[in-house]
Amino acid sequence: MSSSRRQYPFHLIEPKWQKTWEEQQAFRAFNPGESVPEGHPFGIRYDLSGKIASAETLPPKFYILDMFPYPSGTGLHVGHPEGYTATDILARYRRAVGFNVLHPMGWDSFGLPAEQYAVKTGQHPRVTTEANIANFTRQIKSLGFSYDWSRELATTDPDYFKWTQWIFLKLYNSYFDPEWNKATPIEFLEDALSEQPKFKNKWQENPFLAGTHNAYVKMSAKEKELVRRRTLDNKRLAYVSEAPVNWCPELGTVLANEEVIDGKSEVGGFPVIRKPMRQWMLRITAYAEKLLADLDTIDWTDSLKEMQRNWIGRSEGAEVVFEIDGTRIRAEEEYEKVTVFTTRPDTLFGATYMVLSPEHKLVRNITTQAQRQVVEEYQKLTTSKSDLERTELAKEKTGVFTGSFATNPVNRQRIPIWIADYVLASYGTGAIMAVPAHDERDFEFAKKFDLPIVQVVEPPAGKDWQGFTDDGVAVNSDFISGLPTQEAKKQITKWLEDRRLGKKTINYKLRDWLFSRQRYWGEPFPIIWKKDAAGNLYHEALPESALPLLPPSLEDYKPTTDGRPPLARAKDWLNLPDGSVRETNTMPQWAGSCWYYLRYTDAKNAQSFVGKEAENYWMGTVAAVCDRRNDGADTAPLQKITPGVDLYVGGTEHAVLHLLYARFWHKVLFDLGYVSTAEPFYKLVNQGLILGEDGQKMSKSRGNVVNPDDVIGEYGADAFRLYEMFMGPLQDTKPWNTKGVEGVYRFLGRVWRLFVDEKSETAFEQAETTAQSKDELLDLILLDGAIAEIDATPAQLKTLHACIKKVTEDLDGMRFNTAISAMMVFINEAITWQTKPLPVMKTFLQLLAPFAPHLAEELWARLHSTFGQTAPSLGYAPWPKFDATLLVESVIEIPVQVNGKLRDVIKVSVNATVAELEALALANEKAKPYHEGKTIKKIIVVPKKLVNIVAA
RNA sequence: GCGCGCGUGGUGGAAUUGGCAGACACGCCAGACUUAGGAUCUGGUUCCGCAAGGAUUGGAGGUUCAAGUCCUCUCGCGCGCACCA
């Protein structure tokens, strides 16, 4: 702690106002149907004091959301308050402008660290989590953010995860209908799979359901029994799959694709291997197209949209069917077939071999006796590799021949079938046609194993055709020869479709979401397992009335090495009286964050995950009437109401995790009619990283971590907030600099001294050394005598209104750093004033209030009381407007250039004509030497901007 | 390798979108007040030059009366994806 003198008594001011705001519930947002307490500042501004609010009487909504934090044991780091300060400034600004602002905070509190701590110490994760939440709450409140704490939520709270489980049941009890192109209650499919459908009239026009029904009724009784459950379970949006998954032995759990980076776990960086396990999956792939297309409807950065597009990985192409030689004995039999996916069907004539992924199910059938041993060895080698090894060793192509051949459908050519691990089982069909001439990987492979390379695309002149992968003109390709690539694709796809040898296909990289974890500290699945008459296990959903399903208490939270979840240890919890058994997996941490923004709109609702009216008001566009304020201000800043969350601010690390998952859940809820919009987050901004003072990423090992508590202790919350915003643009990565904090701290000190009488401050400082109550201490502070109820001079008004204009425009554009510099310019000017007109001083405090709310409130209150006025609530005082006429100069400075070089600056009337400017410039003594004796070719005059004399 | 973004003083960053480059702040220098200054206030501070003047937005070209801003090439940095057929 530095021993330097305090710039102003923030240590008294800040706790005082935080307490006042909390007692007043000053920043509580009101839903339609809620009653606004008598005397609440929001109610006073909108004439709702003591009344019941309604969608008609409330001002337009503005929903400003922060990505809620995981309450870790280490507390807040300086990155958290960066986004929180930005949103808080905007929340306060929007309140002043005239919106009903929803600005909530909560806790993404399920997570691994609390569980790992429990494994080590035996302390229940809930105890750890609650302690961490308490610490985070203290830290966040010490920054004076205007959150509506009445809406606080935690994903670990049973009242919350009850509804997370409820949404899971909705996923479980829905399927994606291909005809209606949306999530649909599974009752429809169940109905179609029954003898006498009850609501056939609702779906008989749906070819998918009608077809399912027609096929079903033709089946035998025994078939029906088998098909019914299997069909339903295979169509659910939440389904069970037995497939190779990402198993992380170190963490003792499986992970989603999105949580594996370069073959290692995103959390901890531990190796991940492929292991076949029975797991719950969510059918996010059904939404691939909507998740992609709807990116065009939202206001996110291009880079973020691009990340999501890449992750979804849409590619258009064709599936082509190849027959395998020697797989029929008699002529009337069908050949065994392999389907490949290609984005370049136009190169089919150049397919000289075929490659299956080592895991492809046909490999066993087609491998010849002679090749069996090498093929099996290769398969073994592949499976033993972790994903990490597989990608690391990918530099050199490997593979083996199966001994079999396929027939190229376009030219009946016999081509060898290989297996190689450069073909992935999980993408496309797990098999490719290899066109070595026009695909880099195939080219490499063909060269290594000496396979034929045939040119079928002619590149533009001057380029080598070998390994040419771009568009060109088809050659050596029979009926498509001579066609440019795009046209050739169309023609050959049509040719294949006509002969049923292939079809146009769209493929996605996106995989279904692996949704179960072998952990303790997560939401238990509301699912039980039963056995049918034949002894086969099947699953069933718990009824909604059984929610929330709480996890059992355990002695030992340790994950297991065999993938059996820790919940399986709780025998009493596990086994139900009727012989059925509970699902023991838990949901991933992402589950709770998929819908928390919805819960905030109606956080205490016990009947429903969110009330319809509340959801519709905050997330919908229904209340799109902007002209509803009674303060007489014009409605220009009130843009059209946006669908969903108006502004969402958080880190970029969630680009393909939380943000993709939440969009998916939201779309399901939208399809099922539970929410009003197709997209949850209309505008999204990623705050940039804050680096250490040394320009490196902050980390304990580097010893460059800045603790917010220390900064607040030394400079105060207002200075901390201001510095976080003054560092640079919100979106940029930027280094921390403690000297910079001192800079904005000095600025706040100058603001203080602009308002406060110097002598009284000396008295205050002396009194501070003796023990007195804090409130009395602050009362020793008197206002500067120069502040008076007098008219402002034109110069003062101009300074003020230039500041209003800049701060307002910069807030609208989220340019906080330049808004602050505009206020610094104002203060640097105002500090020289002999007189300080009261209205000017008040207005400045309104501009400062969103940024440094404690200091602004203190001076605002003091200013009013000194002049015997009652202070209206600063947070709800209408935002000042600038008067453009006050900013107009009568005399302006105009640069005079000769051949584009500045030679002088002249003062002219703002109304100077082009001719006058020209004459003044030509007569200018400083410019003369540069054009005298030369021919003046022309004179560029831009009124109010500059004059440029072009001479040669 | 592919995609996206960014390069401005000693430092963080400004620049109404083509019109006085360097706002604001840090740092540094000088001065005032002071027992003192790590408080405060005043002045200075892109570089070269005593000056006149010249140069200057990673580098090289181009368009334009005029370029940090637009175009082409190039170098460097950051982020994302990465055998996705």
Side-chain angles (χ1 to χ4, degrees), chain A residues 2-7 261-262 301-311 313-315 317 340-344 347 355 357 390-391 393-395 397 420-424 426-435 438-442 444-445 469 507-511 652 655-656 686 688-689 695 723 726-729 731-744 746-747 749-750 753 758 805-806 809 815 817-825 827-828 831 893-905 937-942 944-951:
Chain A
S2 151
S3 57
S4 68
R5 191 188 143 199
R6 251 188 223 103
Q7 289 275 348
I261 293 165
D262 293 335
T301 60
D302 287 338
S303 70
L304 190 58
K305 286 184 180 182
E306 201 55 27
M307 276 194 242
Q308 292 224 337
R309 286 195 194 104
N310 287 341
W311 192 259
R314 182 186 199 270
S315 54
V340 303
F341 173 73
T342 177
T343 55
R344 293 297 298 271
T347 62
V355 188
S357 67
R390 226 169 130 162
T391 42
L393 300 172
K395 287 152 199 156
K397 292 273 179 295
D421 66 3
Y422 83 89
V423 174
L424 307 173
S426 56
Y427 183 75
T429 61
I432 62 152
M433 64 178 213
V435 184
H438 307 294
D439 181 283
E440 263 176 60
R441 298 146 300 176
D442 299 346
E444 236 177 88
F445 192 82
T469 57
N507 241 303
Y508 300 92
K509 278 198 270 182
L510 185 68
R511 300 272 83 87
T652 186
V656 291
N686 287 128
L689 223 55
Y723 177 64
F726 189 61
M727 288 167 85
Q731 297 87 340
D732 289 7
T733 299
K734 46 217 173 270
W736 183 268
N737 178 5
T738 299
K739 291 284 189 191
V741 189
E742 288 173 13
V744 293
R746 271 201 286 271
F747 161 69
R750 281 206 300 280
R753 291 192 294 275
E758 228 177 294
K805 181 173 193 282
K806 182 79 177 135
E809 287 172 355
R815 294 179 296 267
N817 54 334
T818 48
I820 293 166
S821 90
M823 290 188 286
M824 288 172 166
V825 169
I827 287 295
N828 290 346
I831 211 121
E893 293 189 333
I894 294 286
V896 176
Q897 298 181 342
V898 179
N899 289 332
K901 290 202 181 214
L902 181 71
R903 295 304 172 189
D904 199 7
V905 176
K937 290 165 106 181
K938 57 174 151 176
I939 301 175
I940 309 283
V941 179
V942 184
K944 297 183 191 178
K945 285 281 188 224
L946 59 52
V947 181
N948 187 11
I949 301 166
V950 187

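Since we're looking at a predicted model, the values are computed, not measured. Each chain gets a letter, A, B and so on, in the order the sequences are listed, and its residues count up from 1.
In terms of modelled atom types and a separation under 3.5 Å, the side chain of A/Glu440 and the main chain of A/Thr469 share no donor-acceptor contact. With hydrogens and angles disregarded, no donor-acceptor distance shorter than 3.5 Å links the side chain of A/Lys397 to the backbone of A/Asp442. A donor-acceptor pair under 3.5 Å is absent between the side-chain atoms of A/Asn948 and the main chain of A/Ile940, judged by distance alone. Within the 3.5 Å criterion, the main-chain N or O of A/Asp732 finds a donor-acceptor partner in the side chain of A/Lys734.
Straight-line distance from the CZ atom of A/Arg815 to the P atom of B/rU17: 11 Å, rounded to whole Å. A/Asp302 places its CG atom 9 Å from the C1' atom of B/rC4, with the value rounded to the nearest Å. Separating the NE2 atom of A/His438 from the C1' atom of B/rA85 is a distance of 15 Å, rounded to the nearest angstrom. In this entry the distance linking CG of A/Leu689 with C1' of B/rG5 reads 15 Å, nearest Å. In this structure, CG of A/Asp439 is placed 14 Å from C1' of B/rG1, rounded to the nearest angstrom. Distance, A/Gln731 CD to B/rG5 C1': 12 Å, rounded to whole Å. In this structure, A/Met824 places its CE atom 10 Å from C1' of B/rC26, rounding to the nearest Å. Between A/Trp311 atom CH2 and B/rC4 atom C1' the separation is 17 Å, expressed in whole Å.
Partners of A/Arg750 under the salt bridge (Lys or Arg N to Asp or Glu O under 4.0 Å) rule, at least two apart in sequence or in another chain, do not exist in this structure.
Phosphate contact (OP1/OP2 of B/rA55, side-chain N/O of A/Lys901, threshold under 4.0 Å): present. OP1 or OP2 of B/rC4 has not a single side-chain nitrogen or oxygen of A/Arg309 nearer than 4.0 Å. An OP1 or OP2 oxygen of B/rA85 is reached within less than 4.0 angstrom by a side-chain nitrogen or oxygen of A/Ser315. Taking only side-chain nitrogens and oxygens, A/Asn817 comes nearer than 4.0 Å to OP1 or OP2 of B/rA14. OP1 and OP2 of B/rC79 both lie 4.0 Å or more from every side-chain N or O belonging to A/Asn686. Between A/Lys734 and B/rG12 there is no side-chain N or O to OP1 or OP2 distance below 4.0 Å. Using a 4.0 Å cut-off, no side-chain N or O of A/Arg903 falls inside it from OP1 or OP2 of B/rG53.
Between A/Asn948 and A/Val942, the residue whose closest nucleotide on RNA chain B is further toward the 5' end is A/Val942. Of the two residues near RNA chain B, A/Asn310 and A/Gly900, the one whose nearest nucleotide lies more 5' is A/Gly900.
For the pair A/Glu306/A/Thr301, no side-chain contact is recorded, criterion being any heavy-atom separation below 4.5 Å from C-beta on. Counting heavy atoms from C-beta on, the side chains of A/Pro895 and A/Val947 never come closer than 4.5 Å.
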>> Pairs counted only when both distances fall under 3.5 Å, Watson-Crick or G-U: show me the 5' to 3' dot-bracket for RNA chain B, [ ] for pseudoknotted crossings and | for other-strand partners.
In response: (((((((..(((......[....)))((((((.......))))))(((....)))..(((((..]....))))))))))))....
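At the heavy-atom level, A/Lys739 lies under 4.0 Å from the strands shown only through sugar-phosphate atoms. Note on A/Ser426: nothing from the nucleic acid sits closer than 4.0 angstrom, heavy atoms only.
A gap of 16 Å separates the P atoms of B/rU46 and B/rC26, to the nearest Å. Taking atom P on both B/rU74 and B/rG3, the two are 13 Å apart, rounded to the nearest angstrom. Here, B/rG62 and B/rU69 have their P atoms 14 Å apart, quoted to the whole Å. Between B/rU45 and B/rG22, the distance separating the two P atoms is 12 Å to the nearest Å. Separation of the P atoms belonging to B/rU57 and B/rU8 is 12 Å when rounded to the nearest angstrom. Taking atom C1' on both nucleotides, B/rG27 is separated from B/rG38 by 14 Å, rounded to a whole Å.
Comparing B/rA85, B/rG12, B/rU40 by their closest approach to the side chain of A/Ile432 singles out B/rA85. The nucleotide whose nearest atom lies closest to any side-chain atom of A/Tyr427 is, among B/rA85, B/rC20, B/rA14, B/rA85. Of all nucleotides listed (B/rC20, B/rG27, B/rG54), B/rG27 comes nearest to the side chain of A/Arg746.
Taking every heavy atom of both residues into account, A/Leu946 and A/Ile894 meet most closely at CA-CG2, 3.7 Å.
Under the 30°/60° scheme for interplanar angles, the aromatic rings of A/Tyr422 and A/Phe445 are found to be tilted.
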